[in-house]
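One structure is given here, and the rest of the page talks about it.
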Amino acid sequence: MKLSSCTAVAGTNIALVKYWGKRDPALNLPAAGSLSLTLKELGTRTTVRFGSHLGSEDRVRLNGRDPDDSTRTRIGTFLDLVRERAGITAHAEVVTENSVPTAAGLASSASGFAALAVAASRAAGLALLPTQLSALARRGSGSAARSIFGGFVEMQPGVFSDGSDAVAESISEGDGWGIRLVVAVTSEAEKAIGSTEAMERTARTSPFYASWLESIPGDLQDARAAIAERDLHRLGAVAERSAIRMHASAMAATPSILYWTPATLAAMNTVFALRDRGLAAYFTIDAGPHVKVLCEQDSVSEVNTALTATPGVIRTFTTSPGRGARILHETTA
Ligand code: DP6
């Protein structure tokens, strides 16, 4: 097998029907399906090069710095999967840049592991199909499986114990609809508890976890229909209730997992007020305090003005549907 250097990019994705809970933590198999929108403006660019001259450790640079120990271990474990599959032992040099504030609840692990799956597998001499890349990316982070594809994407929980059918698939490219996601950043801090640990605690201790899981198939069906009809009101309503239910199940865990801050609540109220004025605007919130508002292109400036004036909102930016993960360039060593 020929080793090369490969640079790949991936956009992050924001789930409209959330993933929150696993059926198998070792293979990172989700307990239920989820549905997301891949974004153009926020993402990761990663270069991977394997080589025997690199010594006994993988070298990783994340946004120009050495990553913390847990991130380094997570990337190393992921590279081990790629090495095993490719039948190589060489270590790798990984240079990765996020245009997403890392670990601030803006889904850097989704684009991070999608870009890493594409770049590392190719650099190791593998030629994987999109579905295989999705299954590989899932091992790094569940949400990363979705970022292999562009536009609206549905993640299948799968039924096989080896996880081969726990992969994402594209539902609709998402562009041409003029849909936008305005992100209200409410904190620059790293999130208090990572999603992996938080969803495990929710599954183990929250009395609401079972009903959360029960609500997902109906939400997926509704979201699929809304996308097929290009019905923003219907899609937004699903997204908002999925986020609220996910957070409610997490809040009810012991100890409680509370990502919301006063600024989060203020931004949620801003969205309710915009809707009272007749605007189609709906929020979603991930494992962090930021509020992401789904709206039409024509409403972006009104949504932006209202969020910017909301106490505790630091800044806002607008994102739009983007393509799936892809190779930017590669060189054969
Ligand atoms: C709230 O994909 O970060 O963003 O599989 O443990 O890495 P791991 O979890 P991760 O969880 C994402 C949680 C979420 C919802 C979502 O993206 O569906």
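Atoms within each ligand, like the ligands themselves, are counted from 1 in listed order.
- Counting the atoms of ligand 1 from 1 in the order shown, those under 4.0 Å from a heavy atom of A287 are 1 (C).
- At a heavy-atom distance under 4.0 Å, no atom of R138 approaches ligand 1.
- A salt bridge links E240 with R275: the closest approach of a Lys/Arg side-chain nitrogen to an acidic carboxylate oxygen falls below 4.0 angstrom.
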_The test is side-chain contact (heavy atoms from CB on, under 4.5 Å); show your working for E302 and L279 and say whether it passes._
CA-CA 9 Å; E302 206 173 329; L279 209 82; 3.5 Å; yes
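- Salt bridge present: K18 and D286 bring a charged side-chain N and a carboxylate O closer than 4.0 Å.
- Residue M155 places every heavy atom at 4.0 Å or more from ligand 1.
- When heavy-atom distances to ligand 1 are checked against a 4.0 Å cut-off, S143 comes that close through both its backbone and its side chain.
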*Can you check side-chain contact (heavy atoms from CB on, under 4.5 Å) on V291 and W260, steps first, answer last?*
CA-CA 9 Å; V291 176; W260 298 354; over 6 Å; no
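- Ligand 1 is never approached by F113 to a heavy-atom distance shorter than 4.0 Å.
- Other cluster members for L328: V9, joined by side-chain heavy-atom distances under 4.5 Å among Ile, Leu, Val, Met, Phe, Trp and Tyr.
- The proximity of S34 to ligand 1, defined as any non-hydrogen pair under 4.0 Å, does not occur for either the backbone or the side chain.
- An N or O contact shorter than 3.5 Å is missing between N13 and ligand 1 by distance.
- In summary, the atoms of ligand 1 found under 4.0 Å from a heavy atom of S195, numbered by their order in the structure, are 3 (O), 10 (P), 11 (O).
- With ligand atoms numbered from 1 in the order given, ligand 1 contributes 2 (O), 3 (O), 5 (O), 7 (O), 8 (P), 10 (P) to contacts under 4.0 Å with heavy atoms of S141.
- The distance from ligand 1 to the heavy atoms of R146 drops below 4.0 Å at these ligand atoms: 16 (C), 17 (O), 18 (O).
- With a heavy-atom cut-off of 4.0 Å, E200 does not touch ligand 1 at all.
- Per-residue contacts place S109 under 4.0 angstrom from the following atoms of ligand 1 (heavy atoms of the residue considered): 3 (O).
- Proximity to M246 (heavy-atom distance under 4.0 Å) selects the following atoms of ligand 1: 1 (C).
- The distance from ligand 1 to the heavy atoms of R74 drops below 4.0 Å at these ligand atoms: 7 (O).
- Short contacts between ligand 1 and M199, defined as distances under 4.0 Å to a heavy atom of the residue, involve ligand atoms 9 (O), 11 (O).
- A salt bridge links E188 to R315: at least one charged side-chain nitrogen sits closer than 4.0 Å to a carboxylate oxygen.
- Between R49 and E93, at least one side-chain nitrogen of the basic residue sits less than 4.0 Å from a carboxylate oxygen of the acidic one, meeting the salt-bridge criterion.
- A salt bridge does not link D219 with R224: none of the charged nitrogens is closer than 4.0 Å to a carboxylate oxygen.
- Contact check on E200 versus K22 returns no salt bridge, with no Lys/Arg side-chain nitrogen under 4.0 Å from an Asp/Glu carboxylate oxygen.
- The part of N28 lying near ligand 1 is the side chain, judged by heavy-atom distances below 4.0 Å.
- Using a 4.0 Å cut-off between heavy atoms, H247 makes no contact with ligand 1 at all.
- The aromatic rings of Y259 and W20 lie perpendicular to each other, with more than 60° between the two planes, well past the 30° mark.
- Remark: D58 does not engage R72 in a salt bridge, criterion side-chain N to carboxylate O under 4.0 Å.
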